[in-house]
Amino acid sequence: MTSSVPTFKLRPADQPPHLLTRPRLLRRLDASTEPVVVVSAPAGAGKTVLLTEWSRSLATRGACAWLSLDAYDNAPGRLWAGILRALQHVRPELPVRPHSGEWTLDAWLEEILPSLVSGLDGQGPLALILDGVESITDVDAVRSLSDFLTRLPQGFRVVLSTRHVPGGPVPTLRARGAIAELDRHDLAFTPEEAQAVLTDLLGSAPAPDTLSAVYETTEGWAAALCIMGRTLARSSDDADTAADLARGRRAVTEYLATEVLHRITTEQREFLLRTSVLDELSAGPCRALAGDRAGVLLRELAWTVRLLVPVAADPSAYRRHRALSALLCDLLGSEGRETAVSLHRTAARWYSRQGETTAAVQQWVRGGDEAAAVASILHDWEQAISAGRGREVRQWLELLPSARSPPTQDCASWRRWRPCRGVLRKRPGAGWTWSGSGGRERRRSAKAARCPMRRPSPRPWPAGCRGRS
C-alpha cells in the first residue's frame with residue numbers, strides 16, 4: 001500500500017475559460033452540513049468544474065484535500081494509498097501514514113481504518129474531494145470506502161463526484177440524514193445561465209431563436225452547451241445559423257459517442273440501439289424489442305449513464321436525453337431502413353396487444369404500414385367513442401399522413417368507414433379529425449357505435465362492391 005501517487009492527481013486540473021460560476025450551487029455546498037456529499041451526474045455535466053471552484057475557498061484555509069481517481073485506483077491498496085497521500089498533502093502534521101504491508105481485509109479493519117479515524121479526529125474542519133468515484137468498482141475497494149464513510153470523525157467531510165450514484169452505504173446514509181446530494185437536474189444550466197454562457201462565448205447576446213434551439217438540444221447539459229456555443233462562435237457567416245446549429249448538434253453527438261456510448265458494454269449499446277424507436281422506455285416494449293434481459297439493462301443504464309430521464313407520470317419509464325436520441329437515430333439509420341422498419345412494426349404489434357392504440361398507430365405509421373395503422377383505429381375506435389374519448393380518436397386520426405384516404409381494400413373495411421354524418425370530417429389537406437366535442441360526443445356515442453366513420457366526399461365504390469349499401 002506504499003505505491004507512489006502522482007502529484008497531478010492531488011489537485012484539480014486547470015479549467016478552460018468561458019465557464020460560468022455557479023453561485024446557486026456553491027451556496028448549496030456551503031450550506032450543507034452533512035458529513036457526506038454526493039455530486040452525481042453524467043459526463044460533461046460540470047461536476048469537476050463546480051467542485052474545483054468550491055475547493056478554492058477551502059484550499060486557502062488548508063481545509064480541502066483533492067484526489068482524482070481513475071481505473072488505476074480500482075484496488076483497495078492503491079485507493080487508500082492515494083487517499084492518505086491526498087490528506088498528507090494538505091495536512092502534513094496528520095498522524096496518518098500508509099500501511100507498510102500489503103492491503104488485506106483484516107489489516108484494514110484491525111489497523112488501517114481505526115488509526116485513520118482516530119488520526120483525523122480533532123484535527124479541525126477538513127474536506128476530502130474524491131473526483132471520479134465511478135472508476136472504483138472493485139468489491140473490496142467499494143467496501144472499504146463504505147466502512148470509512150459510515151465512521152467519519154466530527155468535522156471531517158467527504159465529497160464524492162461520480163457519473164452514477166455509488167452503492168454501498170448511500171441508502172443507509174440517506175436514512176440517517178447524513179448525506180447531501182446534487183444530481184443532473186441540479187447541475188443542469190437554467191435558461192438564464194445558458195444565455196450567460198453563450199453570451200460569453202459569442203461576445204454578444206444570442207438571438208432568442210438561437211438560444212431556444214441550443215437549450216432545446218442541450219437541456220442545460222454543460223458540455224453540450226459549451227460545444228454548441230463554441231461551434232456558433234467559430235462561424236464566419238452570421239446568416240447561416242441553421243447550418244451552424246446542425247454542426248453543433250453533430251459535435252455534441254460525437255462527444256456523446258466518445259464519453260458515453262463507447263464506455264458501456266456491447267449488450268447495453270445494442271439495447272439502446274434497438275429501443276431507440278420508442279419515445280418512452282419501459283420494461284414491456286423494451287423486452288419485445290431487445291429480449292428478456294431488457295428490464296435489467298434498462299435499470300442498469302438508468303443508474304449508470306444518467307441520460308435516461310424518469311417520466312413524471314410513470315417513474316418506471318424513461319425518456320432519453322435529446323442528444324442521446326439524436327445519436328441513436330443516426331446509428332440506427334446507418335444500419336439501413338429495413339432495420340428501423342422492422343423495429344417499429346415489432347413495437348406496434350406489442351402496443352396493439354396491450355390496447356395502447358395511440359402508440360401502436362404512431363409506430364405503424366413510422367414503420368410505413370398505414371393500412372395496419374388504420375386497422376388499429378378501426379379495431380378500437382368504437383369503444384373509445386362509447387367511453388366519451390372522442391379527443392383520443394381525433395389524436396389517432398391526426399397521426400395518419402395527411403393525404404390518407406379511407407381504406408378501399410375490401411367491402412367490410414369500406415362499410416365500417418362509410419358515411420356517418422357529424423362524427424368525422426376531413427380538413428382540407430390536413431387529414432382526418434373528430435368533429436364532436438364534450439357532451440355532444442357522449443350524446444352521439446350510441447349512434448357512433450352503430451356508424452363508425454363517414455366518407456367525407458363522394459368516391460367510387462371499391463371493385464366488387466358497386467351498388468351495395
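For this chain, numbers begin at 1 and follow the sequence in order.
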Item to check | Candidate pair Y351 and W364, rule ring pair (Phe, Tyr, Trp, His ring centres under 6.0 Å), full reasoning | outcome: CA-CA 10 Å; Y351 284 122; W364 284 126; over 10 Å; no
Next on the checklist: Do V277 and R366 make a side-chain contact, defined as non-hydrogen atoms from C-beta onward lying under 4.5 Å apart?
Outcome noted: no
Checklist entry - Between atom OG1 of T210 and atom CG of L198, what is the distance when rounded to the nearest 0.5 Å? => result 9.0 Å
Checklist entry - Yes or no on side chain to side chain contact (heavy atoms under 4.5 Å, CB included) for V158 and L149, after CA distance, side-chain angles and deciding distance? => result CA-CA 8 Å; V158 176; L149 294 178; 3.8 Å; yes
Item to check | side chain to side chain contact (heavy atoms under 4.5 Å, CB included) between L261 and R269, worked out | outcome: CA-CA 7 Å; L261 213 59; R269 282 196 296 272; 3.9 Å; yes
Next on the checklist: So which atom in I385 and which in G390 form the shortest heavy-atom distance, rounded to 0.1 Å?
Outcome noted: CD1-CA, 3.8 Å
Item to check | Test item: K47 side-chain N/O and P42 main-chain N/O as donor-acceptor pair under 3.5 Å | outcome: yes
Next on the checklist: Any heavy-atom pair between the side chains of Q363 and L278 that's under 4.5 Å?
Outcome noted: yes
Checklist entry - Is there a donor-acceptor contact under 3.5 Å linking the side chains of S146 and R143? => result no
Checklist outcome for this item: Value for CG (L343) from CZ (R274), rounded to nearest 0.5 Å, stands at 5.0 Å
Checklist outcome for this item: dist E335:CD -> L332:CG (nearest 0.5 Å) comes out at 6.0 Å
Checklist entry - D70 and S135: side-chain donor and acceptor closer than 3.5 Å? => result no
Checklist outcome for this item: Smallest heavy-atom separation, D121 atom then Q154 atom, equals OD1-N, 4.3 Å
Item to check | Any residue meeting ring pair (Phe, Tyr, Trp, His ring centres under 6.0 Å) with Y255, in chain and number order, not counting sequence neighbours | outcome: W221
Checklist entry - For residues T357 and W396, is any side-chain donor paired with an opposing acceptor at under 3.5 Å? => result no
Checklist entry - How far apart are the C-alpha atoms of T48 and D131, what are their side-chain angles, what is the distance that settles it, and do they pass the side chain to side chain donor-acceptor pair (under 3.5 Å) test? => result CA-CA 7 Å; T48 302; D131 187 35; 3.0 Å; yes
Item to check | Test item: I377 and L400 side chains (from C-beta on) under 4.5 Å apart, heavy atoms | outcome: yes
Next on the checklist: Main chain of G333, side chain of R337: is a donor-acceptor contact present, judged purely on distance under 3.5 Å?
Outcome noted: no
Checklist entry - Is the shortest side-chain N to carboxylate O distance from R263 to E259 below 4.0 Å? => result yes
Checklist entry - So how far is it from S144 OG to I136 CD1, rounded to the nearest 0.5 Å? => result 9.0 Å
Checklist entry - Can you check side chain to side chain contact (heavy atoms under 4.5 Å, CB included) on R349 and T346, steps first, answer last? => result CA-CA 5 Å; R349 284 189 287 270; T346 298; 3.5 Å; yes
Checklist outcome for this item: Nearest heavy-atom approach of S352 to S376 is OG-OG, 3.7 Å
Checklist entry - Do R78 side-chain atoms and Y72 backbone N/O form a donor-acceptor pair below 3.5 Å? => result yes
Item to check | Straight-line distance of I129 CD1 to L67 CG, nearest 0.5 Å | outcome: 11.0 Å
Item to check | Short side-chain to backbone donor-acceptor contact, T231 and I227, under 3.5 Å | outcome: yes
Next on the checklist: One thing to verify: whether E219 and R322 come together as a salt bridge, which I'm taking to mean a side-chain N less than 4.0 angstrom from a carboxylate O.
Outcome noted: yes
Next on the checklist: Would you say that V159 contacts L130 through its side chain, given a criterion of any heavy-atom pair below 4.5 Å between the two side chains?
Outcome noted: no
Next on the checklist: If you define the side chain from C-beta out and look only at heavy atoms, does anything of R184 sit under 4.5 Å from H321?
Outcome noted: yes
Next on the checklist: Which residues pass the ring pair (Phe, Tyr, Trp, His ring centres under 6.0 Å) test with Y215, not counting sequence neighbours?
Outcome noted: none
Item to check | Closest non-hydrogen atom pair, E134 against T162 | outcome: OE1-CA, 3.3 Å
Checklist entry - Which is it for L160 and V170 under the side chain to side chain contact (heavy atoms under 4.5 Å, CB included) test, yes or no, and what are the steps along the way? => result CA-CA 11 Å; L160 307 177; V170 169; 5.5 Å; no
Checklist outcome for this item: All heavy atoms of A213 vs all of L245, minimum pair found to be CB-CD1, 3.7 Å
Checklist entry - What pairs with H344 under ring pair (Phe, Tyr, Trp, His ring centres under 6.0 Å), at least two apart in sequence or on another chain? => result none
Item to check | Y318 and E280, any side-chain heavy atoms less than 4.5 Å apart | outcome: no
Checklist entry - So R250 and T253, side chain to side chain donor-acceptor pair (under 3.5 Å) or not? Walk me through it. => result CA-CA 5 Å; R250 285 196 298 272; T253 60; over 6 Å; no
Next on the checklist: Could you check whether any side-chain heavy atom of V142 comes within less than 4.5 Å of a side-chain heavy atom of T137, counting everything from C-beta outward?
Outcome noted: no
Atom pairs and distances, donor-acceptor, side-chain atoms in residues 24-34, under 3.5 Å, two or more places apart:
| residue | atom | partner | partner atom | Å |
| --- | --- | --- | --- | --- |
| R24 | NE | E193 | OE2 | 2.8 |
| R24 | NH1 | D186 | O | 3.1 |
| R24 | NH2 | D186 | O | 3.2 |
| R24 | NH2 | A188 | O | 2.9 |
| R24 | NH2 | E193 | OE1 | 3.2 |
| R28 | NH1 | D186 | OD1 | 2.9 |
| R28 | NH2 | E181 | O | 3.4 |
| D30 | OD1 | W54 | NE1 | 2.8 |
| S32 | OG | L29 | O | 2.8 |
| S32 | OG | R157 | NH2 | 2.6 |

Checklist outcome for this item: Here the gap from L225 atom CG to T217 atom OG1, rounded to the nearest 0.5 Å, amounts to 10.5 Å
Pair up each side-chain donor or acceptor in residues 284-293 with any protein partner under 3.5 Å, not counting sequence neighbours, and list the distances.
| residue | atom | partner | partner atom | Å |
| --- | --- | --- | --- | --- |
| R293 | NE | E267 | OE2 | 2.8 |
| R293 | NH2 | E267 | OE1 | 3.1 |

Which pairs would a plain distance check flag for residues 299-313, meaning a side-chain donor or acceptor within less than 3.5 Å of a matching protein atom at least two apart in sequence or in another chain?
| residue | atom | partner | partner atom | Å |
| --- | --- | --- | --- | --- |
| E300 | OE1 | Q268 | NE2 | 3.2 |
| W303 | NE1 | V165 | O | 2.8 |
| T304 | OG1 | E300 | O | 2.8 |
| R306 | NH1 | S40 | OG | 3.3 |

Next on the checklist: Check whether S212 reaches the backbone of D209 with its side chain - one donor and one acceptor, N or O, closer than 3.5 Å.
Outcome noted: no
Item to check | R247 atom CZ, over 12 foreign heavy atoms within 6.0 Å | outcome: yes
Next on the checklist: If we count only N and O atoms by modelled type, under 3.5 Å, do the side chains of W66 and S55 hold a donor and an acceptor together?
Outcome noted: no
Checklist entry - For A65 and L126, which heavy atoms make the closest approach, and how far apart are they? => result N-CD1, 4.4 Å
Checklist entry - Got L79 and L69 here, is their nearest side-chain heavy-atom distance under 4.5 Å? => result yes
